[in-house]
There are 2 protein chains.
Amino acid sequence: MATLKDIARALDLSITQVSRALNDHSDVNEETRLRVKATARAMNYHPNASARKLVSGRSGMVGLVVPNNRNIGQDRLFMEVVAGLSTQFSGRGMQFVLHMMAEHEPVLPVYQKLIGKAMLDGFVLIDPLDQDPRIDFLRKTGISFVVHGRSGKSIDYPYFDIENEQLAYDLTFHLTQRGHRRIAFLNGLAGRSYVTVREQGYLRALRDGGAEVLPHLHLHGEMDDAHGLTDTIRLFSGDAPRPTAIVCGNVRLARGVYQGLEALGLSVPGDVSVVAHDDELPALRASAFFPSLTVTKSPLRDSWEPLADCLAGAIEGKPLGTLQRLGSYSFIERNSVATP
Amino acid sequence: MATLKDIARALDLSITQVSRALNDHSDVNEETRLRVKATARAMNYHPNASARKLVSGRSGMVGLVVPNNRNIGQDRLFMEVVAGLSTQFSGRGMQFVLHMMAEHEPVLPVYQKLIGKAMLDGFVLIDPLDQDPRIDFLRKTGISFVVHGRSGKSIDYPYFDIENEQLAYDLTFHLTQRGHRRIAFLNGLAGRSYVTVREQGYLRALRDGGAEVLPHLHLHGEMDDAHGLTDTIRLFSGDAPRPTAIVCGNVRLARGVYQGLEALGLSVPGDVSVVAHDDELPALRASAFFPSLTVTKSPLRDSWEPLADCLAGAIEGKPLGTLQRLGSYSFIERNSVATP
DNA sequence: CGGTTTTCCCGAAACGTTTCGGAAAACATA
DNA sequence: TATGTTTTCCGAAACGTTTCGGGAAAACCG
């Protein structure tokens, strides 16, 4: 636990100069800088994070607050997020604080408290809602943050996102081009901003492609196998006009859809075409579906690096322009689409 | 971001007295204490963690360092650990720092660095190995820590553990009492301390129960479905004497074993008896096996609270006796065991 | 050689908290 | 009234770092 004082004493320098040498300030002799750095390493000195935070306002620690309302234990996505972000920040010499809230605990007071303790430099915000109150709150406090996604009309904060509107458009429009006129969309939970945005892309493509807009074909829900299965069964029960194609919000939904169609005795793509967006979650390969699944692909694991980048940049005070990034996706045509 | 100074000024008190009032020291008037606490809440004051850490040595932050060598993305256990610990510490008003190391990065320098930065009060240590070097290292530095499990001969540190020796004994001895003489044990990865300890329990039960000790029936490996399946196939191939019963380190292994036995045309328990230890991981119910599985049960999710308790206690300087805890387990007899 | 700039360094203050040692006032004891 | 005791308070120092404002010496310029 060597301190600046120890190094200063060892080299017969002032604490000031040692600090400046280690922080690469301009007015310190090149030779002394080297001597200081050498002895710092030798005494394996690490700057005391608390002292540093106290005076400079930076601690190198960032936080993720996770509302624990859903069954986290089952959630593969959550693990991806946590493992990805933690690895990224650890690799940058930063610390990653994971705060899991109690169920039904209000969110904003938690941020309030964490900010009050003044130990975090910033936050990562995931799963933004339409008009997310967290964003307004954090913006008001002035603390740095980065959003995984976008929400609200004035987007004047750092984010990393993919073009959800466009990929929903691409998937849907592809189906209209193959002649489909009744296209269902199994979307995510209503209220999530990416869900709303995808809906817009879906509707735009329906109009552009000359397909029917049928509200009963647009469904919201958890994006897992079970909902894919049950939604499919429902779409093909009852009297309402049935779809000839289904757009799935992710590959898990698509797996459920395949099961549902098989149970109904319908074939893919003979009776029903299916497309999906592929986050490339582990152990779930769209190419291994039978028939293999046509998707827009954008690996979720490519999110963590830009997210960490943007947050680190925001903390360093970089201009907003460099802190708003869009990930790319690719359209991969396989064998799950045919003409109706 | 109210500070002690703000409160002091508002109440015309000294900073000292405000601090003492908030920390429930003895020499402060009951009435002033209440006034102070009221205004503190009103100004929603939160003590600055860095300043506190700097002077008192406590920051209320603890860390978990995770070696990222295995495929974390797939690991359900990891998620349980992280979600459980984070929830526990958050609930105690403490902060949980998750540090995921790069693959093949040496561990001890990471601890060294984190301790050097002096922002953490302690560590949770999981998956201890026999003679785990991390334990020796942390002990030498003097920082608080708690181990999930036990390792080494002189166990003079806080831990939470279950009686792995005894439960392996119970499972194995149960089979000997039903007349089994050749009992296989699908254990975990060699080198883990709980694996070694379970082996001892298994061997002790074989001797006590008068069964044969056949080294080729004791197998090590990752404790998942795949290994349960492949190990089972191997146990019943070749010329070596075949087991009439199998002890599984967890329920995932047991599921693989059931699949393997079915593939071999062997029935449970008619041809082979199977028992396991049940960590009660979500979405894997031993009672839903067919035939339902006889187990020793000890929910893993019951570990996080005592672990957090013990670490918090260690940081507060409580005596070691209260910081070494053993979880209980129960033996649940179902339908997967018969006489050979 | 006088004046100006550059180079390299340092003391002291500040961040917000806890805690040590003392001290004034009120109260009890003799 | 003098002496101790308890109650309630406060000033000042300390934790380890960064940074502001200066300052001495060396280098440069005409």
Side-chain angles (χ1 to χ4, degrees), chain A residues 1-37 40 43-61 93 113-121 315-317, chain B residues 1-37 40 43-61 93 113-121 315-317:
Chain A
M1 297 273 250
T3 71
L4 283 186
K5 206 197 289 189
D6 300 328
I7 303 179
R9 197 161 27 208
L11 291 175
D12 199 30
L13 278 172
S14 72
I15 293 179
T16 305
Q17 210 55 3
V18 174
S19 171
R20 300 180 70 83
L22 290 174
N23 292 350
D24 285 324
H25 281 234
S26 59
D27 59 350
V28 39
N29 191 338
E30 189 56 29
E31 190 233 328
T32 19
R33 187 201 316 286
L34 265 63
R35 273 198 314 155
V36 168
K37 289 203 171 177
M43 301 173 78
N44 74 61
Y45 166 80
H46 298 278
N48 182 308
S50 302
R52 170 177 276 181
K53 170 83 189 178
L54 202 54
V55 60
S56 75
R58 304 255 179 87
S59 64
M61 308 186 50
K113 185 174 153 195
L114 289 175
I115 294 172
K117 282 173 176 293
M119 59 184 157
L120 300 181
D121 294 345
I315 291 168
E316 288 168 23
Chain B
M1 298 271 250
T3 69
L4 282 186
K5 206 197 288 190
D6 299 327
I7 303 179
R9 198 161 27 207
L11 292 174
D12 198 32
L13 277 173
S14 72
I15 293 179
T16 305
Q17 210 55 5
V18 174
S19 170
R20 300 181 70 84
L22 290 174
N23 292 352
D24 286 324
H25 280 234
S26 59
D27 58 352
V28 40
N29 191 336
E30 190 56 28
E31 188 233 330
T32 27
R33 188 202 314 287
L34 265 65
R35 276 197 314 156
V36 168
K37 289 201 172 177
M43 304 173 78
N44 75 60
Y45 166 81
H46 297 277
N48 183 308
S50 302
R52 172 176 276 182
K53 171 81 189 178
L54 202 53
V55 60
S56 75
R58 304 256 178 88
S59 64
M61 308 184 52
K113 185 175 153 193
L114 289 176
I115 294 172
K117 282 173 177 294
M119 58 183 157
L120 300 181
D121 293 346
I315 292 168
E316 287 169 23

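In what follows, chains carry the letters A, B, and so on, assigned in the order in which the sequence lines appear, proteins first and then strands, with residues in each chain numbered from 1. What you see is a predicted model, and the numbers here were worked out from it, not measured in a lab.
Side-chain nitrogen and oxygen atoms of A/Thr32 include at least one within less than 4.0 Å of the OP1 or OP2 phosphate oxygen of C/dC9. Look at B/Ser19 and you won't find any side-chain N or O under 4.0 angstrom from OP1 or OP2 of C/dT19. Of the side-chain N and O atoms in B/Ser56, none sit less than 4.0 angstrom from OP1 or OP2 of C/dT17. Side-chain nitrogen and oxygen atoms of B/Asn48 include none within less than 4.0 Å of the OP1 or OP2 phosphate oxygen of C/dT17. Taking side-chain N and O atoms only, A/Asn29 has no distance below 4.0 Å to OP1 or OP2 of C/dT7.
Put simply, CD on B/Glu31 is 16 Å from C1' on C/dA26, counting in whole angstrom units. Computed from coordinates, the B/Asp6 CG to C/dG16 P distance equals 8 Å when rounded to whole Å. If you measure from atom CD1 of B/Ile15 to atom P of D/dG11, you get 9 Å, rounded to the nearest angstrom. Rounded to whole Å, atom C1' of C/dA13 lies 13 Å from atom CG of A/Leu54. Protein atom CG of B/Leu11 is 15 Å distant from nucleotide atom C1' of D/dT8, rounded to whole Å. One interatomic measurement links the two molecules: CZ of A/Arg20 to C1' of D/dT19, which rounds to 7 Å at whole-angstrom precision. In this structure, B/Asp12 places its CG atom 12 Å from C1' of D/dC9, rounding to the nearest Å. Between the CD1 atom of A/Ile7 and the P atom of D/dT18 there is a distance of 11 Å, rounded to whole Å.
Residues A/Arg35 and A/Leu11 meet the side-chain proximity criterion, which asks for heavy atoms closer than 4.5 Å.
Among D/dT17, D/dT8, C/dC10, the nucleotide with an atom closest to any side-chain atom of A/Val55 is D/dT17.
Counting all heavy atoms, side chain and backbone alike, A/Asp6 lies closest to A/Met43 at CB-CE, 3.7 Å. Nearest heavy-atom pair across B/Ala49 and B/Ser59 is CB-O, 4.3 Å. When every heavy atom of B/Asp121 is checked against every heavy atom of B/Gly57, the shortest pair comes out as OD1-O, 3.6 Å. Looking at every heavy atom in both residues, B/Leu4 comes nearest to B/Ser19 through CD1-CB, 3.8 Å.
Contact of B/Asp27 with D/dC9 (side chain to base): a donor-acceptor pair of N or O atoms is detected under 3.5 Å. Evaluation of atom-type donor-acceptor distances gives no pair under 3.5 Å for the side chain of A/Thr16 against the base of D/dT18.
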